[in-house]
Amino acid sequence: MTHMQDTIIEAFNFRHATKRFDATKSISDSEFNTILESGRLSPSSLGLEPWKFVVIQNKALRNKPKEISWGAQGQLDTASHFVLILARKNVVAKSPYVQHLLREVKQYSPESIPATEEKFDNFQTGFHINDNERTLLDWARKQTYIALGNMMTSAALLNIDSCPIEGFDLDGVTKLLSDEGILDEANFAPSVMVAFGYRETEPKPKVRQSQADVIEWLE
Ligand SMILES: Cc1cc2nc3c(=O)[nH]c(=O)nc-3n(C[C@H](O)[C@H](O)[C@H](O)COP(=O)(O)O)c2cc1C
């Protein structure tokens with residue numbers, strides 16, 4: 001194995017779902033920015049980046065979802081950085097958001113926009129993405145998990161620990177964030193949380209199914 005291959009496999013073995021972090025240690029601004037960049041630069045279906053990363057550093061605010069977040073009991077208080085990833089709602093070709101992305105961000109020429117819209121519509125229909133609001137939101141949520149994975153891998157490459165968190169009452173957290181004025185419910189919904197920091201204790205050895213159990217080669 002090359003040095004790069006070793007580094008990658010070591011990072012995947014290093015990463016574990018950290019239950020408690022050493023609260024005295026902080027991630028540097030520069031390293032945390034690298035983690036955020038690996039989220040922002042992640043791929044997404046149709047390149048529509050249906051996400052927003054909310055970094056919750058305010059201690060009082062972090063405490064609020066604690067009683068409705070069973071999966072974040074040790075992480076909310078101790079993580080150096082805590083991120084809530086939001087998924088964008090109603091990501092369809094004619095939406096103001098997609099129009100902004102195509103015209104202002106990606107700078108598509110005005111003449112090419114109708115064909116792009118048609119391509120997006122056909123794909124979303126064929127893949128049952130735009131059957132209803134729920135299927136559209138689930139599709140956006142899937143994209144946020146790609147960013148989640150990339151952020152955790154980048155962190156591990158920097159010897160930074162993390163924990164993905166789905167263990168929360170979705171409706172309760174939605175209401176809480178909305179009441180706090182953090183969540184624009186018309187355009188976003190909570191997708192997944194992720195805590196970053198430095199482990200307090202060593203984890204148990206990693207257990208996974210074998211390659212033979214999960215990989216099938218057709219030759
Ligand atoms: C999407 C997702 C959500 C998860 N939610 C939680 C959670 O709420 N709390 C927690 O402690 N672990 C959570 N986990 C961690 C998993 O339980 C863990 O990744 C799995 O058991 C494998 O262990 P390892 O990551 O330490 O290798 C989550 C993992 C994923 C991928």
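On a predicted model such as this, the values are computed, not experimentally measured, just so you know. All values below come from the heavy atoms of this structure, side chains included, with hydrogens, waters and symmetry mates left out. Order of listing sets the numbers, starting from 1, for every ligand and every atom in it.
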Pair Glu31-Thr34, side-chain donor/acceptor within less than 3.5 Å: no
Donor-acceptor side-chain pairing of Ser42 and Asn150 below 3.5 angstrom: yes
Taking distance alone, with N or O pairs closer than 3.5 Å, would you say [X] contacts ligand 1?
X      : result
Leu148 : no
His16  : no
Ala72  : no

Derivation and outcome, side chain to side chain donor-acceptor pair (under 3.5 Å), residues Glu10 and Thr7: CA-CA 5 Å; Glu10 270 170 28; Thr7 304; 5.6 Å; no
Thr18 (side chain) donor-acceptor with Ser162 (main chain) under 3.5 angstrom: yes
Lys175/Asp171 salt bridge by N-O under 4.0 Å criterion: no
Lys/Arg-Asp/Glu bridge criterion (N-O < 4.0 Å) met for Lys94, Glu117: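 The answer is yes: the pair qualifies as a salt bridge.
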Closest to atom 19 (O) of ligand 1 among Ala17, Cys163, Ser69, Ser191 (heavy-atom distance):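 Selected option, by shortest heavy-atom distance: Ala17.
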Per atom 12 (N) of ligand 1, closest listed option by heavy atom (Lys206, Arg208, Lys19): Lys19
What protein heavy atom sits nearest [atom], and how far away is it?
atom                    : result
atom 5 (N) of ligand 1  : Glu166 N, 3.0 Å
atom 9 (N) of ligand 1  : Gly71 O, 2.8 Å
atom 29 (C) of ligand 1 : Pro164 CG, 3.3 Å

Ligand 1 versus Phe168: contacting region, heavy-atom distance under 4.0 Å: neither
Heavy-atom protein contact below 4.0 Å for atom 7 (C) of ligand 1: yes
Heavy atom of protein closer than 4.0 angstrom to atom 17 (O) of ligand 1: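 Answer no: nothing from the protein, no heavy atom, is under 4.0 Å.
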Given Glu111, Lys106, Glu104, the one that forms side chain to side chain contact (heavy atoms under 4.5 Å, CB included) with Tyr108: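 Output: one option passes, namely Lys106.
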Passing option when Asp77 is tested against Lys66, Arg62, Lys19 for salt bridge (charged side-chain N to carboxylate O under 4.0 Å, His left out): Lys66
Distance, nearest 0.5 Å, that separates CG of Asp161 from CD of Gln75: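 Those atoms lie 11.5 Å apart.
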4.0 Å heavy-atom contact, Met193 with ligand 1: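 Met193: no contact with ligand 1 (<4.0 Å).
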Check each atom of ligand 1 against the heavy atoms of [X] and keep those under 4.0 Å away; list them by number with element.
X      : answer
Gln75  : 11 (O)
Tyr145 : 1 (C)
Arg15  : 24 (P), 25 (O), 27 (O)

Side chain to side chain, Arg15 and Lys206, heavy atoms closer than 4.5 Å: yes
